[in-house]
2 protein chains.
Amino acid sequence: MSVAHTAVTPQVGAQPPIGPCGEDDCGIRGVLDRLGDRWTVLIVVELAKGVRRFRELQRAVPGISQRMLTLTTRRLWRDGLVERTVHPTIPPQVEYRLTATGRSFAEVVAHLAEWSAVHKDEIARSRERWEADHGQL
Amino acid sequence: MSVAHTAVTPQVGAQPPIGPCGEDDCGIRGVLDRLGDRWTVLIVVELAKGVRRFRELQRAVPGISQRMLTLTTRRLWRDGLVERTVHPTIPPQVEYRLTATGRSFAEVVAHLAEWSAVHKDEIARSRERWEADHGQL
DNA sequence: CCGAATCCCGCCCGATACTG
DNA sequence: CAGTATCGGGCGGGATTCGG
């Protein structure tokens with residue numbers, strides 16, 4: 001979904017990066033890309049509780065595959081939201097913990113969760129009514 | 001409006017942290033799904049400035065297709081974040097405006113944008129350094 | 001235990017054409 | 001102007017297998 005990435009690819013439409021962004025959207029896409037995927041938020045929420053090892057994360061987030069757990073933690077690590085510590089023991093042991101930036105991000109996520117909790121019923125009702133009048137989307 | 005200042009024990013509110021979300025909705029998934037897609041945020045940001053007609057939205061958000069503009073506004077309408085008014089004139093004229101809930105949502109988005117703006121450089125640098133050491137993801 | 005590498009399917013979204 | 005209908009490519013992400 002990365003906008004910046006698609007800009008690299010020579011495309012037929014040759015549309016420049018869509019980020020004229022009114023005035024205030026320019027860094028937000030990268031953040032939204034992480035919020036958008038299914039797992040990042042859950043991982044961040046779990047890490048907000050404390051240091052976690054790979055397996056612990058996987059158990060804490062039921063349904064996530066090894067692949068996606070690796071990808072998600074890797075991206076968070078790359079972006080400096082998560083710190084990754086390898087203990088060269090046998091068997092190997094890898095710990096993940098939020099950085100300062102990561103904790104800041106976790107707060108934003110918490111606010112998001114709060115807003116969702118407050119409005120979810122209202123949204124659900126609106127959606128139900130809408131689909132009763134007009135059909136499925 | 002520093003986000004950092006609101007840092008005091010995030011989950012003081014109601015309920016345990018964000019716990020019960022475990023894997024499935026406490027409502028947040030639905031919100032994140034909207035935030036995740038490429039267009040919703042841009043539309044909401046534009047509508048936060050005032051009432052807009054279909055074409056106006058399309059011009060304000062360069063790169064969006066008619067199809068995606070329809071889908072995005074339709075979903076926002078369905079979920080009660082946007083109000084849709086049809087004037088049966090010729091040519092037809094349709095106005096979109098945020099509802100109270102929609103404006104509330106727009107505030108959340110604004111906070112998100114603010115956080116992004118504050119941290120985007122830092123994230124970008126972290127990513128650059130990371131990709132210098134290790135390769136592309 | 002912690003990953004990397006592959007295969008593969010679903011759906012999101014862009015492009016295009018048509019309608020009232 | 002404000003949509004609808006349809007086709008097709010890309011990629012997110014699940015399942016599985018192999019390596020250290």
Side-chain angles (χ1 to χ4, degrees), chain A residues 1-18 29 32-43 51-78 82-97 134-137, chain B residues 23 29 32-43 51-78 82 84-97 134-137:
Chain A
M1 186 184 280
S2 167
V3 174
H5 189 348
T6 57
V8 180
T9 311
Q11 203 127 4
V12 183
Q15 196 88 18
I18 65 167
R29 247 330 327 147
L32 292 174
D33 284 346
R34 309 277 49 69
L35 287 176
D37 72 60
R38 191 175 171 77
W39 304 113
T40 298
V41 167
L42 298 176
I43 297 296
V51 179
R52 292 290 185 276
R53 296 176 48 185
F54 190 84
R55 280 290 164 190
E56 291 178 329
L57 279 177
Q58 189 164 22
R59 278 189 295 268
V61 183
I64 193 173
S65 62
Q66 282 199 356
R67 173 183 149 82
M68 288 318 295
L69 182 52
T70 299
L71 275 178
T72 305
T73 51
R74 198 59 42 105
R75 284 195 279 245
L76 288 169
W77 177 30
R78 180 195 60 183
V82 155
E83 185 187 329
R84 182 176 180 270
T85 312
V86 179
H87 297 94
T89 59
I90 294 187
Q93 190 170 337
V94 182
E95 287 179 349
Y96 297 91
R97 85 182 64 205
H134 329 74
Q136 199 85 357
L137 232 185
Chain B
E23 49 180 319
R29 243 336 324 147
L32 292 174
D33 285 344
R34 306 289 97 252
L35 287 176
D37 73 61
R38 197 182 170 102
W39 305 113
T40 298
V41 167
L42 299 176
I43 297 297
V51 179
R52 291 292 185 276
R53 296 176 50 186
F54 190 85
R55 278 289 162 191
E56 290 178 327
L57 280 177
Q58 190 165 22
R59 279 189 294 267
V61 183
I64 193 172
S65 62
Q66 283 198 356
R67 173 184 149 81
M68 287 318 295
L69 182 52
T70 299
L71 275 178
T72 305
T73 51
R74 199 60 43 107
R75 284 194 279 245
L76 288 169
W77 178 29
R78 180 195 59 182
V82 155
R84 183 175 179 270
T85 311
V86 180
H87 297 94
T89 59
I90 293 186
Q93 190 168 337
V94 180
E95 288 179 348
Y96 296 90
R97 87 182 61 205
H134 328 76
Q136 196 88 355
L137 230 186

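Below, chain A is the first sequence line, B the second, and so on; all start at residue 1. This is a predicted model, so every value here is computed, not measured.
Closest non-hydrogen pair, B:Trp77 versus A:His134, comes out as CH2-NE2, 3.6 Å. Across all non-hydrogen atoms, the minimal contact from B:Arg34 to B:Asp37 is NH1-OD2, 2.6 Å.
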Step by step, would you call A:Leu71 with A:Met68 a side chain to side chain contact (heavy atoms under 4.5 Å, CB included)?
CA-CA 5 Å; A:Leu71 275 178; A:Met68 288 318 295; 4.1 Å; yes
So B:Arg55 and B:Gln93, side chain to side chain contact (heavy atoms under 4.5 Å, CB included) or not? Walk me through it.
CA-CA 9 Å; B:Arg55 278 289 162 191; B:Gln93 190 168 337; over 6 Å; no
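A straight line from CZ of B:Phe54 to P of D:dC1 spans 11 Å, rounded to a whole angstrom. Residue B:Arg74 contributes atom CZ, which lies 8 Å from atom C1' of D:dG3 at whole-angstrom precision. Rounded to a whole Å, the CG atom of B:Leu69 is 10 Å from the C1' atom of D:dG3. The CD-C1' distance, from B:Gln93 to C:dG20, rounds to 16 Å in whole Å. The separation between B:Leu137 atom CG and D:dG12 atom P is 11 Å, rounded to whole Å. One atom, CZ of B:Arg59, and another, P of D:dC1, lie 6 Å apart when rounded to the nearest Å. As rounded to whole Å, 8 Å separates atom P of C:dC1 from atom CZ of A:Arg53. Across the protein-nucleic acid pair, B:Arg52 atom CZ and D:dA2 atom P stand 13 Å apart, rounded to whole Å.
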Please encode protein proximity along nucleotides 13-20 of chain D as a string of B, S and -, counting only heavy-atom distances under 4.0 Å.
BBB----B
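Proximity of A:Tyr96 to the phosphate of C:dC2: no side-chain N or O atom is located under 4.0 Å from OP1 or OP2.
Counting heavy atoms from C-beta on, the side chains of B:Thr73 and B:Arg84 never come closer than 4.5 Å.
Within the model, atoms OG1 of A:Thr72 and CG of A:Leu42 stand 9.5 Å from one another, a figure rounded to the nearest 0.5 Å.
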